[in-house]
Participant: 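I have a structure I would like to understand better, so I am pasting it below and will then ask my questions one at a time.
Read the numbers this way: they start at 1 and go in the same order the structure lists the ligands and their atoms.
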Amino acid sequence: MKADLIVGLQWGDEGKGKIVDLLAKSYDYVTRYQGGHNAGHTIVVDGKKLALHLVPSGILNPKAINIIGNGVVISPEALLKELKQFDSIDGKLFISNKAHLILSYHAAIDQAKEKQRGENAIGTTGRGIGPSYSDKISRSGHRIGELLDTQTLAKKITEQLNENKAYLDSLGVAIPSFDSLKEELELYKKELSKFIIDTTDVLWKALDSQKRVLLEGAQGTLLDIDHGTYPYVTSSNTIAAGACSGTGLNPKEIGKITGIIKAYCTRVGNGPFPTEDFGSDGDLIAKNGHEFGTTTGRKRRCGWFDAVAAKYACRLNGCDDVAIMKLDVLDGFKTIKVCVAYEIDGKRVDTMIGDVTKAKPIYEEFAGWDKVKGVKEWKDLPENAKKYIKHLEKLMGVKVSLISTSPDRNDTIFLGNEE
Ligand code: GDP
Ligand code: IMO
Ligand code: MG
């Protein structure tokens, strides 16, 4: 058996949560492989909304077991807060003993560094994601499995922090005392130990016994640490390849890869965004799409669909198919634009390979439509909406398998071979 994968193709918030929840009924395991509580994945069922940050979006499915893989960075404080909203999660959640810890000093460092960057700030979520991954890569981080011996862990952490005291002082970051840190870690151990195991072993056994596994990406391709708009990116490999290192599955164990993409573009935080619309169209997309962050509440920057970026993302991830989200948000626009190439230093460029800081969009225009919201079948879509989808499919070179027409789980069109 192979594991299927869901990955964001833009700058995050594409609607991954909705799709993972929707598909989870056909899977035995749903697994997060990177990121942390910078993610905010929203699920809406019968008008009831659930925002998830660390818990995989399969959690509402009675059957699926949810796994937080080794590539995730975990704030136990944020996780415990999130778990409070569920009655019983025992046996439904497992956490990799190799996932790295985020503690409060990571968030303090993240926020202090952002302040220091001033106008060059990345616009992080301030959750400590970058500092935790930095510790991991520099081999001074701590795995959540180390919680099993809190005495040793608290000692190691306080010693490390004290070795870096001058730097932390310069950032205004306080070092916790050994006793307070040990007490905090004891609480996390008490509450979380039962979930912590080697999840690679669980996933291998699952695939070996023909169980179905769904991998849930966080953030999006254009925020990838290597292939995104560096340095305005997150600190993990958000692309499909990250799922292998983030779970222990090998590349041959990855099956179908589905890219999730909005019918337009958004971005939270700073950095290049070629199709950003600073006028009334951008405002209207933000208003219709309720484009405010699930994690930080920040207003998302909005603009038109970027087919150059989409093609790049499909190639990087090896998408087998694509789900187009939030098509209803474009209801009522007279004209809809799609970026088909960039102009960079006076030259036409049709790839996102290279620096897009100075890229200006070259648009094609499409006639708009009125009512897509809530449509559940292809045949009920307005003709212009059908044309739009078919055109995006052609530009991306990847089949559209699903169209989402509202936040609700049920307002979804599954596509076969419609013409
Ligand atoms: P994720 O991070 O990729 O899971 O996406 P978020 O949950 O951060 O943001 C997507 C937002 O759009 C959420 O508020 C969803 O409830 C909402 N949403 C998802 N699909 C649709 C859709 O087809 N139409 C509309 N109007 N909203 C949607
Ligand atoms: P989901 O999973 C959108 C952005 C931040 C910032 C950059 C770095 O909900 O799609 P970080 O805190 O990760 O160091 O911030 O990445 N960012 C996201 N944007 N959706 C997300 O997650 C994001 N997670 C991080 O806004 O620009
Ligand atoms: Mg989100």
Side-chain angles (χ1 to χ4, degrees), residues 6-22 32 34-45 47-54 56-57 72-73 75 102 106-107 109-111 113-114 121-134 216-225 228-236 238 259-264 266-273 285 287-301 323-331 372-375 402-413:
I6 294 295
V7 62
L9 298 185
Q10 296 161 317
W11 284 281
D13 302 328
E14 297 91 348
K16 300 174 291 293
K18 166 170 168 167
I19 299 304
V20 172
D21 166 67
L22 177 67
R32 275 277 305 271
Q34 44 68 234
H37 65 310
N38 48 351
H41 296 182
T42 317
I43 299 171
V44 180
V45 185
K48 264 186 78 183
K49 194 166 157 173
L50 176 67
L52 298 168
H53 302 283
L54 277 162
S57 301
V72 176
V73 280
S75 154
I102 297 185
H106 288 116
I109 294 171
D110 190 357
Q111 290 159 25
K113 285 181 79 168
E114 278 286 89
I122 286 155
T124 72
T125 58
R127 299 296 195 262
I129 306 296
S132 173
Y133 276 120
S134 299
E216 175 181 9
Q219 290 79 55
T221 301
L222 306 178
L223 288 170
D224 182 271
I225 184 75
T229 47
Y230 192 88
Y232 298 98
V233 292
T234 191
S235 300
S236 64
T238 59
I260 313 294
I261 197 160
K262 285 185 207 187
Y264 50 92
T266 65
R267 175 164 203 167
V268 214
N270 301 326
F273 179 1
I285 292 174
K287 185 166 160 268
N288 292 353
H290 304 287
E291 294 295 354
F292 293 89
T294 312
T295 297
T296 57
R298 288 179 293 175
K299 185 173 181 291
R300 296 174 183 149
R301 299 155 63 192
I324 304 234
M325 310 299 292
K326 303 189 88 162
L327 187 64
D328 55 295
V329 172
L330 300 181
D331 279 0
V372 157
K373 192 172 176 60
V375 169
L402 186 156
I403 299 165
S404 173
T405 62
S406 103
D408 199 277
R409 191 196 260 174
N410 298 316
D411 292 336
T412 309
I413 304 170

Participant: Can you tell which of T234, D110, N270 makes a side-chain hydrogen bond (donor to acceptor under 3.5 Å, both in side chains) with T124?
Facilitator: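 Single side-chain hydrogen bond (donor to acceptor under 3.5 Å, both in side chains) partner of T124 among T234, D110, N270: D110.
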Participant: Is atom NZ of K299 surrounded by more than 12 heavy atoms (other residues, nucleotides or ligands) closer than 6.0 Å?
Facilitator: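 Result for NZ/K299: enclosed.
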Participant: Report yes or no: does a heavy atom of R300 sit under 4.0 Å from some atom of ligand 2?
Facilitator: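 For ligand 2, residue contact (heavy atoms, under 4.0 Å) with R300 is absent.
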Participant: Identify the heavy atoms of M325 and G15 that sit nearest to each other, and give their distance.
Facilitator: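 Shortest heavy-atom separation between M325 and G15 comes out as CE-O, 3.6 Å.
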Participant: Pick from K16, R32, H41: which one makes a side-chain hydrogen bond (donor to acceptor under 3.5 Å, both in side chains) with E216?
Facilitator: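 Exactly one candidate clears the test, H41.
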Participant: Backbone or side chain, does any N or O of K49 fall under 3.5 Å from an N or O of ligand 1?
Facilitator: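 K49 vs ligand 1: no N/O contact under 3.5 Å.
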Participant: For ligand 1, which part of P407 has a heavy atom less than 4.0 Å away: the side chain, the backbone, both, or neither?
Facilitator: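 Near ligand 1, P407 shows its backbone as well as its side chain.
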Participant: Any nitrogen or oxygen of G12, side chain or backbone, less than 3.5 Å from one on ligand 2?
Facilitator: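 N/O-N/O distance below 3.5 Å does not exist for this pair.
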Participant: Do T405 and I413 come within less than 4.5 Å of each other through their side chains, counting heavy atoms only?
Facilitator: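 Yes, close enough: below the 4.5 Å cut-off.
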Participant: Decide yes or no for I260 and I6: does some side-chain heavy atom of the first lie under 4.5 Å from some side-chain heavy atom of the second?
Facilitator: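 SC-SC contact between I260 and I6 confirmed.
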Participant: Is T124 close to ligand 2, meaning an N/O of one under 3.5 Å from an N/O of the other?
Facilitator: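 T124 vs ligand 2: no N/O contact under 3.5 Å.
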Participant: Side chain or backbone, does G17 bring an N or O within less than 3.5 Å of an N or O on ligand 1?
Facilitator: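 It does: an N or O of G17 is found under 3.5 Å from an N or O of ligand 1.
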Participant: Below 4.5 Å, heavy atoms only, C-beta onward: do L223 and R267 meet side chain to side chain?
Facilitator: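 In short, these two side chains touch, coming nearer than 4.5 Å.
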Participant: Given S57, which partner from the list T42, I19, V20 fulfils the side chain to side chain contact (heavy atoms under 4.5 Å, CB included) test?
Facilitator: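 Of the listed residues T42, I19, V20, the side chain to side chain contact (heavy atoms under 4.5 Å, CB included) partner of S57 is V20.
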Participant: Are any non-hydrogen side-chain atoms of V375 and L327 less than 4.5 angstrom apart?
Facilitator: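 V375 does not reach L327 side chain to side chain.
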Participant: Any idea which part of H53 is under 4.0 Å from ligand 1, heavy-atom wise: side chain, backbone, both or neither?
Facilitator: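 Looking at H53 and ligand 1, no heavy atom falls under 4.0 Å.
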Participant: Test your reading of the structure: does N288 have an N or O sitting under 3.5 Å from an N or O of ligand 1?
Facilitator: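 Among all N and O atoms of N288, none is under 3.5 Å from an N or O of ligand 1.
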Participant: Are any of the N/O atoms in M325 less than 3.5 Å from those in ligand 1?
Facilitator: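 Between M325 and ligand 1, no N or O pair is found under 3.5 Å apart.
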Participant: Are V268 and E291 close enough that some pair of their side-chain heavy atoms sits under 4.5 Å apart?
Facilitator: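 In short, these two side chains do not touch, never coming nearer than 4.5 Å.
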Participant: Taking it one step at a time, do V372 and I403 satisfy side chain to side chain contact (heavy atoms under 4.5 Å, CB included)?
Facilitator: CA-CA 10 Å; V372 157; I403 299 165; 5.7 Å; no
Participant: Look up atom CZ in F273 and atom OG1 in T266, then write down how far apart they are to the nearest 0.5 Å.
Facilitator: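 Here the rounded value is 6.5 Å.
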Participant: Non-hydrogen atoms of G8 versus ligand 2: any pair closer than 4.0 Å?
Facilitator: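 G8: no contact with ligand 2 (<4.0 Å).
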Participant: Which distance, rounded to the nearest 0.5 Å, do you find between the NZ of K48 and the CZ of R409?
Facilitator: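 It is 11.5 Å, given to the nearest 0.5 Å.
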Participant: Would you say ligand 1 has an N or O under 3.5 Å from any N or O of K373?
Facilitator: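 No, there is no polar N/O contact under 3.5 Å.
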Participant: Considering heavy atoms of the protein only, find what lies nearest to atom 26 (O) of ligand 2 and give residue, atom and distance to 0.1 Å.
Facilitator: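 Minimum-distance protein heavy atom for atom 26 (O) of ligand 2 reads R298 NH2, 2.9 Å.
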Participant: Compute the shortest N/O to N/O distance between N270 and ligand 2 and return yes if it is under 3.5 Å, no if not.
Facilitator: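 There is no such contact.
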Participant: Do any N/O atoms on T234 end up under 3.5 angstrom from N/O atoms on ligand 2?
Facilitator: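 Looking only at distances, the answer is yes, because the N/O contact criterion of under 3.5 Å is met.
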Participant: Can you check whether D13 has an N/O within less than 3.5 Å of an N/O in ligand 1?
Facilitator: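 Among all N and O atoms of D13, at least one is under 3.5 Å from an N or O of ligand 1.
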Participant: Under 2.8 Å from the Mg ion (ligand 3), which protein N, O or S atoms are there? Could you list them by chain and number?
Facilitator: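 For the Mg ion (ligand 3), the protein N, O and S atoms that sit under 2.8 Å away are D13 OD1, G40 O.
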Participant: Is there a nitrogen or oxygen of A218 sitting under 3.5 Å from a nitrogen or oxygen of ligand 2?
Facilitator: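 No, A218 has no N/O under 3.5 Å of an N/O on ligand 2.
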Participant: Looking only at protein heavy atoms, which one is nearest to atom 20 (N) of ligand 2, and how far off is it?
Facilitator: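 Looking at atom 20 (N) of ligand 2, the protein heavy atom closest to it is D13 OD1, 3.1 Å.
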Participant: May I ask you to identify the nearest protein heavy atom to atom 6 (C) of ligand 2, giving residue, atom name and distance to one decimal place in Å?
Facilitator: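 Answer for atom 6 (C) of ligand 2: G123 O, 3.1 Å.
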Participant: Quick check: closest heavy atoms across V233 and G228, and the distance to 0.1 Å?
Facilitator: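 Looks like CG1-C, 3.6 Å.
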Participant: Do the non-hydrogen side-chain atoms of D411 and D328 ever get within less than 4.5 Å of each other?
Facilitator: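 D411 vs D328: side chains apart.
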Participant: On a heavy-atom basis, which atom in Y232 and which in P272 lie closest, and how many Å separate them?
Facilitator: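 In this case the closest contact between Y232 and P272 is CD1-CD, 4.0 Å.
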Participant: Between the side chain of Q10 and the main-chain N/O of K262, is any donor-acceptor distance below 3.5 Å?
Facilitator: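 Between the backbone of K262 and the side chain of Q10 there is a qualifying donor-acceptor contact (under 3.5 Å).
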Participant: With heavy atoms of G40 as the reference, note each atom of ligand 2 found under 4.0 Å away.
Facilitator: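 Those of ligand 2 that fall under 4.0 Å from G40 are 1 (P), 9 (O).
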Participant: How about T412 and K18: does a side-chain donor come under 3.5 Å of a side-chain acceptor?
Facilitator: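 Note: T412 and K18 side chains meet the donor-acceptor criterion.
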Participant: Of the side chain and backbone of T42, name the one, both, or neither that has a heavy atom under 4.0 Å from an atom of ligand 1.
Facilitator: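 Looking at T42 and ligand 1, atoms from backbone and side chain both fall under 4.0 Å.
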Participant: For ligand 2, is there an atom lying under 4.0 Å from some heavy atom of V233?
Facilitator: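 So V233 counts as touching ligand 2.
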Participant: So is G220 in contact with ligand 2, going by heavy-atom distances below 4.0 Å?
Facilitator: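 Outside the 4.0 Å threshold, so no.
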Participant: Quick test: of every protein heavy atom, which one is nearest to atom 18 (C) of ligand 2, and how far off is it to 0.1 Å?
Facilitator: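 Answer, as residue, atom name and distance: L223 CD1, 3.7 Å.
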Participant: Please could you name the atoms of ligand 2 that G269 approaches to less than 4.0 Å, counting only its heavy atoms?
Facilitator: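 Atoms satisfying the 4.0 Å criterion: 27 (O).
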Participant: So, does R267 sit close enough to ligand 2 that a heavy atom of it is under 4.0 Å from the ligand?
Facilitator: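 Heavy atoms of R267 never come under 4.0 Å of ligand 2.
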Participant: Is G289 near ligand 1, meaning one of its heavy atoms is under 4.0 Å from it?
Facilitator: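 Under 4.0 Å: no for G289.
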Participant: Does H41 reach ligand 2, in the sense of a heavy atom lying below 4.0 Å from it?
Facilitator: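 Yes, that is the case, since the closest heavy atom of the residue is under 4.0 Å from the ligand.
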Participant: Do the non-hydrogen side-chain atoms of L54 and V72 ever get within less than 4.5 Å of each other?
Facilitator: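 L54 reaches V72 side chain to side chain.
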Participant: Under 3.5 Å between some N or O of ligand 1 and some N or O of L327?
Facilitator: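 There is no such contact.
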Participant: Does any N/O atom on K16 come nearer than 3.5 Å to any N/O atom on ligand 2?
Facilitator: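 Indeed, backbone or side chain, K16 has an N or O that close.
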Participant: Contact between ligand 1 and G12 is defined here as a heavy atom of the residue under 4.0 Å from a ligand atom; is it met?
Facilitator: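 Heavy atoms of G12 never come under 4.0 Å of ligand 1.
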Participant: May I ask you to identify, for W11, whether its side chain, its backbone, both or neither come under 4.0 Å of ligand 2 on a heavy-atom basis?
Facilitator: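 Backbone only.
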Participant: How far is atom 23 (C) of ligand 2 from its nearest protein heavy atom, and which residue and atom name does that atom have?
Facilitator: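 Protein heavy atom with the smallest distance to atom 23 (C) of ligand 2: Q219 CG, 3.6 Å.
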Participant: Can you pull out the closest protein heavy atom to atom 12 (O) of ligand 2? Residue, atom name and distance to 0.1 Å, please.
Facilitator: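 Checked against all protein heavy atoms, atom 12 (O) of ligand 2 sits closest to T125 OG1, 2.6 Å.
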Participant: Say you draw a straight line from OG1 of T125 to CD of Q111; how long is it, rounded to the nearest 0.5 Å?
Facilitator: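 T125 atom OG1 to Q111 atom CD measures 9.0 Å (nearest 0.5 Å).
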Participant: Give me the atom names and distance for the closest heavy-atom approach of V45 to D408.
Facilitator: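 Result for this residue pair: C-OD2, 3.9 Å.
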Participant: Of K326, R409, H290, which has the heavy atom at the shortest distance from atom 11 (C) of ligand 1?
Facilitator: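 Heavy atom nearest to atom 11 (C) of ligand 1 belongs to K326.
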Participant: Hey, are the side chains of R127 and I102 touching, using non-hydrogen atoms and a 4.5 Å cut-off?
Facilitator: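 Heavy-atom side-chain distance check fails, nothing below 4.5 Å.
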Participant: Going by distance alone, is a donor N or O of one side chain under 3.5 Å from an acceptor N or O of the other, for Q34 and S236?
Facilitator: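 Short answer, yes.
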Participant: How close does the nearest protein non-hydrogen atom get to atom 27 (O) of ligand 2, and which residue and atom is it?
Facilitator: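 Of every protein heavy atom, V268 O, 3.0 Å lies nearest to atom 27 (O) of ligand 2.
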Participant: Show the atoms of ligand 2 that are less than 4.0 angstrom away from any heavy atom in A39.
Facilitator: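 Those of ligand 2 that fall under 4.0 Å from A39 are 1 (P), 2 (O), 9 (O), 22 (O).
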Participant: Polar-atom distance check: D110 versus ligand 2, any N or O pair below 3.5 Å?
Facilitator: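 No.
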